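Nothing here was measured: the structure is a model prediction, and the numbers come from that model.
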Amino acid sequence: MRLDDLAGLPPLVLPLLLAPPTRRLTRSARPQAAARTLAVAAAIAAAAGAGALALIVLTLFDDLPAMERREGQALSAGIVLPEPVPDLVAGAAFLLAGWLGWRVVRQTRQRRGAVRDLRAAGLPHNGMLVADWDRPHAVAVPGEGRGARRRAGHVLVTSGLLRLLDPDERAAVLAHERAHLRLRHHRLIAVAVLAAAVHPLLRPVADGVALLVERASDEDAAATVGDRRLVARTVAKVALASQPARAAGIGAAGIGEMGIGGSNLMCRIEALTRPPVSVGRVWSALTSAVVVAAFAAMGGAVGEFIGLVRAWWPAA
């Protein structure tokens, strides 16, 4: 793996190619399927990028005392060993890897802390908890535990939201939030957000997943209440009224994105009030092609690294 062949570069930059299909897929008539596709693509692309970065860092092995002795022995025998990535580049990759690791830890702690705080707000009744807060907001709180100890997820709404909405609009909100829980959107959000923490170029994909899970819950709510325009009106009403709530931190770590007023208001209203857009399979296929290319490039980088190690190891 030498700097001149750039073997480790493609897995690091290929996520840029996911931006165009992400923009298209956010308009899909099947938002749930599109959200899953993008979340999986983000996870795989992040893994490939992290692997390529790790290989660049591992080229620092040539600076180990044992490797320096072996290089000297090879030179004495007239053997010129292939040069790994320059130390300056590998050192920068090491620092970058440390920063990305810190981002992952911070993001994980923020998400867990946000969910923990929401669960600590009180015990739900019939799957809903009303918090005595004037700012209108609603959020799906994921469940926890497994088996007999599992605690089901619930919907948290504020008293300000209940005062803001009429009975039909309240039904639309509850249908929307329950769809988040039933479809396990918190998992898709977690995967996409952590992938973006590992690989910052995947931020647009994570944003696309956030929009798609909202659209999927909008569609589910519209089917439940039987009135798409009611859901559109409710989405707009809650979003406009809950801006201060999100600014105050309700949306920490992406939890608040799983709320009736979260993520790209105009796109959601347009999807609810206009005929669904048919997005061809070509965009899903392109997303898959980018992922396959990232893995193929990662395989090439691994091959280069193995060849480099084999060239150095027999030099003793």
State, with a plain yes or no, whether a side-chain heavy atom of [X] is found less than 4.5 Å away from one of [Y].
X: R184; Y: H186; value: yes
X: Q110; Y: Q107; value: yes
X: L118; Y: P142; value: no

Residues 219-227, side-chain donor-acceptor partners within the protein, below 3.5 Å, at least two apart:
{"unit_1": "E219", "atom_1": "OE1", "unit_2": "R228", "atom_2": "NH1", "d": "2.8"}
{"unit_1": "E219", "atom_1": "OE1", "unit_2": "R228", "atom_2": "NH2", "d": "3.4"}
{"unit_1": "E219", "atom_1": "OE2", "unit_2": "R228", "atom_2": "NH2", "d": "2.9"}
{"unit_1": "D220", "atom_1": "OD1", "unit_2": "R182", "atom_2": "NH2", "d": "2.8"}
{"unit_1": "D220", "atom_1": "OD2", "unit_2": "R182", "atom_2": "NH2", "d": "2.4"}
{"unit_1": "T224", "atom_1": "OG1", "unit_2": "D220", "atom_2": "O", "d": "2.9"}
{"unit_1": "D227", "atom_1": "OD1", "unit_2": "R229", "atom_2": "N", "d": "3.1"}
{"unit_1": "D227", "atom_1": "OD1", "unit_2": "L230", "atom_2": "N", "d": "3.0"}

Looking only at heavy atoms, which two atoms of [X] and [Y] are closest? And how far apart?
X: L174; Y: M128; answer: CD2-SD, 3.4 Å
X: T26; Y: G208; answer: CG2-CA, 3.8 Å
X: A197; Y: P200; answer: O-CD, 4.5 Å
X: S217; Y: H180; answer: OG-ND1, 3.0 Å
X: A43; Y: A195; answer: N-CB, 4.1 Å
X: T158; Y: P136; answer: OG1-CA, 3.4 Å

> Any side chain to side chain donor-acceptor pair (under 3.5 Å) pairs touching residues 194-206, not counting sequence neighbours?
Replying inline: R203-D207
>> Please evaluate residues L164 and K237 with respect to the criterion side-chain contact (heavy atoms from CB on, under 4.5 Å), reporting the C-alpha separation (whole Å), side-chain torsions for both, the decisive distance (0.1 Å), and the verdict.
In response: CA-CA 9 Å; L164 175 71; K237 193 172 182 179; 4.1 Å; yes
> Which residues pass the salt bridge (Lys or Arg N to Asp or Glu O under 4.0 Å) test with D134, sequence neighbours left out?
Replying inline: R163
For [X], enumerate each residue passing the side chain to side chain donor-acceptor pair (under 3.5 Å) test, keeping only those at least two apart in sequence or located in another chain.
X: R233; value: E169
X: T108; value: none
X: R178; value: none
X: R109; value: none

> Does any N or O in the side chain of R103 come within less than 3.5 Å of the main-chain N or O of A196, such that one atom is a donor and the other an acceptor?
Replying inline: yes
> Looking only at atom types and distance, does a side-chain atom of T22 sit under 3.5 Å from a main-chain N or O of V205, one as donor and one as acceptor?
Replying inline: no
> For L123, does the CG atom sit with more than 12 other heavy atoms under 6.0 Å from it, leaving out its own atoms?
Replying inline: no
Euclidean distance, [Y] [atom2] relative to [X] [atom1], rounded to 0.5 Å:
X: L18; Y: L201; atom1: CG; atom2: CG; answer: 10.0 Å
X: I269; Y: N264; atom1: CD1; atom2: CG; answer: 11.0 Å
X: L212; Y: R36; atom1: CG; atom2: CZ; answer: 12.0 Å

Could you identify which residues cluster with [X], counting Ile, Leu, Val, Met, Phe, Trp and Tyr as linked when any side-chain heavy atoms lie under 4.5 Å apart, either directly or through a chain of such contacts?
X: L183; result: none
X: L194; result: V104, V198
X: M266; result: none

Positive for side chain to side chain contact (heavy atoms under 4.5 Å, CB included) with [X], one of [options]:
X: L38; options: L188, V209, L211; answer: V209
X: L156; options: L161, V141, V130; answer: V141
X: L96; options: L53, V57, I56; answer: L53

>> Restricting to side-chain contact (heavy atoms from CB on, under 4.5 Å), what partner residues turn up for P204, sequence neighbours left out?
In response: none
>> Please say yes or no: joined through hydrophobic side-chain contacts below 4.5 Å, possibly via intermediate residues, are V191 and I44 part of one cluster?
In response: no
> Do L272 and L240 share a hydrophobic cluster (ILVMFWY, side-chain heavy atoms under 4.5 Å, transitive)?
Replying inline: yes
Which atom pairs, one a donor and one an acceptor, fall under 3.5 Å between side chains of residues 291-299 and the rest of the protein, sequence neighbours left out?
none

